[in-house]
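To keep things clear, I will list the structure first and then write my remarks on it.
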Amino acid sequence: MSCEEIRVFAVKFGQDFDLYFAGNSRLECDYWKAAISLQDQIFRNISNQILMVRPGPENAVMSVFEPMTDEEMTPGCGVHFTIHYYKDNRLEDGMSVAFSIQVENKTYCMYCTHEGGEKTVRFREEVVPKEILANSSDIIFIQKSISPTDTKAFKFESSLMRGYFLAFQKGENLSKLILKQCDEDQVDESTHITIP
(Lines give C-alpha, C1' and ligand atoms only; values in the text may rest on other atoms or scores of the structure.)
Protein backbone atom coordinates (compact mmCIF):
# COMPACT_ATOMS: atom_id res chain seq x y z
CA MET A 1 0.00 0.00 0.00
CA SER A 2 1.33 3.42 -0.91
CA CYS A 3 1.08 6.47 1.29
CA GLU A 4 0.72 8.76 -1.75
CA GLU A 5 -2.39 10.89 -1.87
CA ILE A 6 -4.95 10.05 -4.54
CA ARG A 7 -7.24 12.94 -5.29
CA VAL A 8 -10.86 12.19 -6.23
CA PHE A 9 -13.18 14.84 -7.65
CA ALA A 10 -16.94 14.88 -7.99
CA VAL A 11 -18.30 14.95 -11.55
CA LYS A 12 -21.67 15.74 -13.11
CA PHE A 13 -23.26 15.57 -16.53
CA GLY A 14 -23.90 18.86 -18.29
CA GLN A 15 -26.92 19.71 -20.43
CA ASP A 16 -24.91 18.58 -23.48
CA PHE A 17 -24.35 15.21 -21.73
CA ASP A 18 -20.62 15.86 -21.48
CA LEU A 19 -18.94 15.03 -18.20
CA TYR A 20 -17.76 18.03 -16.10
CA PHE A 21 -15.96 18.33 -12.77
CA ALA A 22 -18.33 19.65 -10.12
CA GLY A 23 -17.64 22.78 -8.08
CA ASN A 24 -14.24 24.35 -7.49
CA SER A 25 -12.11 21.21 -7.57
CA ARG A 26 -8.74 23.04 -7.95
CA LEU A 27 -7.60 21.00 -10.93
CA GLU A 28 -4.11 21.50 -12.30
CA CYS A 29 -3.52 21.99 -15.99
CA ASP A 30 -0.74 20.26 -17.88
CA TYR A 31 2.47 22.27 -17.74
CA TRP A 32 6.18 22.05 -17.04
CA LYS A 33 7.98 24.24 -14.53
CA ALA A 34 11.79 24.51 -14.41
CA ALA A 35 13.24 22.87 -11.31
CA ILE A 36 17.03 22.61 -11.57
CA SER A 37 19.73 22.84 -14.23
CA LEU A 38 22.95 20.88 -14.52
CA GLN A 39 25.63 22.71 -16.48
CA ASP A 40 28.68 21.43 -18.35
CA GLN A 41 27.20 18.04 -19.21
CA ILE A 42 28.94 16.04 -21.95
CA PHE A 43 26.95 13.55 -24.06
CA ARG A 44 28.66 10.40 -25.37
CA ASN A 45 27.32 7.66 -27.61
CA ILE A 46 28.23 3.98 -27.26
CA SER A 47 31.24 4.53 -29.54
CA ASN A 48 32.56 7.03 -26.97
CA GLN A 49 32.08 9.92 -29.41
CA ILE A 50 31.12 13.34 -28.01
CA LEU A 51 28.03 15.27 -29.13
CA MET A 52 29.27 18.57 -30.55
CA VAL A 53 27.24 21.56 -31.71
CA ARG A 54 28.94 23.99 -34.05
CA PRO A 55 28.01 26.82 -36.40
CA GLY A 56 26.81 25.78 -39.84
CA PRO A 57 25.76 27.53 -43.01
CA GLU A 58 23.10 30.28 -43.04
CA ASN A 59 23.10 30.94 -39.27
CA ALA A 60 22.17 27.33 -38.52
CA VAL A 61 24.00 25.06 -36.10
CA MET A 62 24.97 21.46 -36.75
CA SER A 63 25.14 18.62 -34.25
CA VAL A 64 27.44 15.65 -34.74
CA PHE A 65 29.10 12.97 -32.65
CA GLU A 66 32.84 12.88 -33.10
CA PRO A 67 35.93 11.65 -31.26
CA MET A 68 37.42 14.20 -28.89
CA THR A 69 40.04 14.13 -26.16
CA ASP A 70 39.48 15.63 -22.72
CA GLU A 71 42.05 18.33 -23.54
CA GLU A 72 40.00 19.41 -26.58
CA MET A 73 36.84 19.90 -24.49
CA THR A 74 37.49 23.52 -23.58
CA PRO A 75 34.74 25.95 -22.51
CA GLY A 76 32.82 27.31 -25.48
CA CYS A 77 33.83 24.50 -27.86
CA GLY A 78 30.22 23.35 -28.29
CA VAL A 79 30.20 20.21 -26.16
CA HIS A 80 29.09 21.50 -22.72
CA PHE A 81 25.31 21.16 -22.51
CA THR A 82 22.98 22.36 -19.80
CA ILE A 83 20.27 19.89 -18.84
CA HIS A 84 17.18 21.69 -17.57
CA TYR A 85 15.00 19.46 -15.36
CA TYR A 86 11.31 20.29 -15.17
CA LYS A 87 8.67 19.44 -12.60
CA ASP A 88 5.38 18.37 -14.11
CA ASN A 89 2.07 16.97 -12.97
CA ARG A 90 2.09 13.97 -15.28
CA LEU A 91 2.85 10.41 -14.32
CA GLU A 92 5.80 9.92 -16.68
CA ASP A 93 8.26 7.06 -16.64
CA GLY A 94 11.21 9.40 -16.37
CA MET A 95 12.29 12.99 -15.84
CA SER A 96 11.18 15.85 -18.10
CA VAL A 97 14.24 17.66 -19.48
CA ALA A 98 15.28 20.27 -22.04
CA PHE A 99 18.77 20.85 -23.44
CA SER A 100 20.62 24.07 -24.19
CA ILE A 101 24.16 24.92 -25.23
CA GLN A 102 26.29 28.05 -25.71
CA VAL A 103 27.87 28.39 -29.16
CA GLU A 104 29.78 31.57 -30.03
CA ASN A 105 28.10 33.54 -27.19
CA LYS A 106 24.59 32.51 -28.25
CA THR A 107 22.27 30.11 -26.42
CA TYR A 108 20.69 27.36 -28.49
CA CYS A 109 17.91 25.02 -27.47
CA MET A 110 17.40 21.49 -28.85
CA TYR A 111 13.97 20.84 -30.37
CA CYS A 112 12.05 18.30 -32.46
CA THR A 113 10.56 19.17 -35.83
CA HIS A 114 9.27 17.78 -39.13
CA GLU A 115 11.47 18.43 -42.16
CA GLY A 116 10.80 16.98 -45.58
CA GLY A 117 8.37 14.43 -44.18
CA GLU A 118 10.87 13.23 -41.56
CA LYS A 119 10.99 13.80 -37.84
CA THR A 120 14.31 15.29 -36.82
CA VAL A 121 16.12 17.18 -34.07
CA ARG A 122 17.57 20.67 -34.53
CA PHE A 123 18.84 23.63 -32.49
CA ARG A 124 17.42 27.15 -32.51
CA GLU A 125 18.61 30.30 -30.81
CA GLU A 126 16.42 30.44 -27.72
CA VAL A 127 16.69 30.57 -23.96
CA VAL A 128 14.96 27.61 -22.31
CA PRO A 129 11.72 28.89 -20.71
CA LYS A 130 11.07 28.66 -16.98
CA GLU A 131 7.51 27.42 -17.61
CA ILE A 132 5.81 25.71 -20.51
CA LEU A 133 2.04 26.05 -20.27
CA ALA A 134 1.04 23.25 -22.62
CA ASN A 135 0.54 19.50 -22.61
CA SER A 136 3.29 18.92 -25.19
CA SER A 137 6.44 20.75 -26.22
CA ASP A 138 9.01 20.41 -28.98
CA ILE A 139 11.86 21.06 -26.50
CA ILE A 140 10.89 18.59 -23.74
CA PHE A 141 12.35 15.08 -23.70
CA ILE A 142 11.66 12.34 -21.17
CA GLN A 143 14.93 11.04 -19.67
CA LYS A 144 14.60 7.30 -19.10
CA SER A 145 17.06 4.97 -17.42
CA ILE A 146 18.39 2.12 -19.51
CA SER A 147 19.23 -0.09 -16.55
CA PRO A 148 18.65 0.18 -12.81
CA THR A 149 22.37 -0.45 -12.23
CA ASP A 150 23.73 2.07 -14.78
CA THR A 151 23.18 5.59 -13.47
CA LYS A 152 24.93 7.35 -16.36
CA ALA A 153 23.28 5.86 -19.49
CA PHE A 154 19.88 7.10 -20.64
CA LYS A 155 17.37 7.21 -23.48
CA PHE A 156 15.61 10.49 -24.26
CA GLU A 157 12.10 10.27 -25.72
CA SER A 158 10.48 13.28 -27.35
CA SER A 159 7.42 14.45 -25.40
CA LEU A 160 5.94 15.82 -28.63
CA MET A 161 6.70 12.82 -30.86
CA ARG A 162 6.08 9.80 -28.65
CA GLY A 163 8.03 6.71 -29.61
CA TYR A 164 10.88 8.82 -31.07
CA PHE A 165 14.19 8.91 -29.21
CA LEU A 166 17.40 10.89 -29.54
CA ALA A 167 19.87 8.63 -31.31
CA PHE A 168 23.03 8.71 -33.37
CA GLN A 169 23.30 7.62 -36.97
CA LYS A 170 26.69 6.65 -38.37
CA GLY A 171 27.81 8.46 -41.50
CA GLU A 172 30.98 8.21 -43.56
CA ASN A 173 33.20 10.19 -41.16
CA LEU A 174 30.85 11.39 -38.44
CA SER A 175 27.76 10.27 -36.60
CA LYS A 176 24.87 12.70 -36.50
CA LEU A 177 22.16 13.32 -33.91
CA ILE A 178 18.74 12.13 -35.08
CA LEU A 179 15.28 11.20 -33.83
CA LYS A 180 14.70 7.48 -34.19
CA GLN A 181 11.46 5.60 -33.81
CA CYS A 182 11.67 2.51 -31.64
CA ASP A 183 9.67 0.68 -29.03
CA GLU A 184 10.37 1.80 -25.49
CA ASP A 185 11.38 -1.72 -24.42
CA GLN A 186 13.45 -2.36 -27.56
CA VAL A 187 17.21 -2.59 -27.03
CA ASP A 188 18.73 -0.17 -29.53
CA GLU A 189 22.22 0.97 -28.61
CA SER A 190 22.01 3.92 -31.01
CA THR A 191 19.57 5.53 -28.54
CA HIS A 192 21.89 5.08 -25.54
CA ILE A 193 23.48 8.33 -24.44
CA THR A 194 25.96 8.47 -21.56
CA ILE A 195 26.25 11.55 -19.35
CA PRO A 196 29.40 11.10 -17.24
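From a predicted model like this one, the values you see are computed outputs, not experimental measurements.
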Open item on the list: I'd like to check L38 versus T82 (side-chain heavy atoms, cut-off strictly below 4.5 Å). Are they in contact?
Closed with: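 They are not in contact (no side-chain heavy atoms under 4.5 Å apart), so the answer is no.
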Task: Test: K180 cationic atom under 6.0 Å from F165 six-membered ring centre, within 45° of axis - done: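 Ring-cation test returns no.
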Task: Residues that, via side-chain heavy atoms closer than 4.5 angstrom, fall in one hydrophobic cluster with I178 - done: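 ILVMFWY cluster around I178 holds nothing else.
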- [ ] Under 4.5 Å between side-chain heavy atoms, chaining through other members, with only Ile, Leu, Val, Met, Phe, Trp and Tyr counted: pull out the rest of the cluster around V79, sorted by chain and number.
- [x]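 Besides V79, the hydrophobic cluster comprises I42, I50, M52, M68, M73, listed by chain and residue number.
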- [ ] Determine yes or no for a side-chain-to-main-chain donor-acceptor pair under 3.5 angstrom, with S159 supplying the side chain and S137 the backbone.
- [x]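 Looks like yes, one N/O pair under 3.5 Å.
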Task: The single option from F99, F156, Y111, Y85 passing ring pair (Phe, Tyr, Trp, His ring centres under 6.0 Å) against F141 - done: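 Of all the options given, the one that passes is F99.
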Task: Residues in salt bridge (Lys or Arg N to Asp or Glu O under 4.0 Å) contact with D70, at least two apart in sequence or another chain - done: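 If we apply the salt bridge (Lys or Arg N to Asp or Glu O under 4.0 Å) test to D70, skipping adjacent residues, the hits are R44.
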Open item on the list: Under the rule for salt bridge (Lys or Arg N to Asp or Glu O under 4.0 Å), what residues qualify as partners of E66, not counting sequence neighbours?
Closed with: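 Listed in chain order: R54.
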TODO: Return the set of residues passing side-chain contact (heavy atoms from CB on, under 4.5 Å) with E189 (not counting sequence neighbours), or none when no residue passes.
DONE: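 Once residues adjacent in sequence are excluded, the partners of E189 under the side-chain contact (heavy atoms from CB on, under 4.5 Å) criterion are I46, H192.
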Distance-only donor-acceptor pairs under 3.5 Å for side chains of residues 117-124, two or more places apart:
{"residue": "R122", "atom": "NE", "partner": "E115", "partner atom": "OE1", "Å": "3.3"}
{"residue": "R122", "atom": "NE", "partner": "E115", "partner atom": "OE2", "Å": "3.1"}
{"residue": "R122", "atom": "NH2", "partner": "E115", "partner atom": "OE1", "Å": "2.8"}
{"residue": "R124", "atom": "NE", "partner": "E126", "partner atom": "OE1", "Å": "2.4"}
{"residue": "R124", "atom": "NH1", "partner": "D138", "partner atom": "OD2", "Å": "2.9"}
{"residue": "R124", "atom": "NH2", "partner": "E126", "partner atom": "OE1", "Å": "3.2"}
{"residue": "R124", "atom": "NH2", "partner": "D138", "partner atom": "OD1", "Å": "3.1"}
{"residue": "R124", "atom": "NH2", "partner": "D138", "partner atom": "OD2", "Å": "3.1"}

- [ ] Kindly work out whether a path of hydrophobic side-chain contacts (I/L/V/M/F/W/Y, heavy atoms less than 4.5 Å apart) joins I101 to I36.
- [x]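 Yes.
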Task: Passing option when S175 is tested against Q49, K170, Q169 for side-chain hydrogen bond (donor to acceptor under 3.5 Å, both in side chains) - done: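 By the side-chain hydrogen bond (donor to acceptor under 3.5 Å, both in side chains) criterion, S175 pairs with just one of Q49, K170, Q169: Q49.
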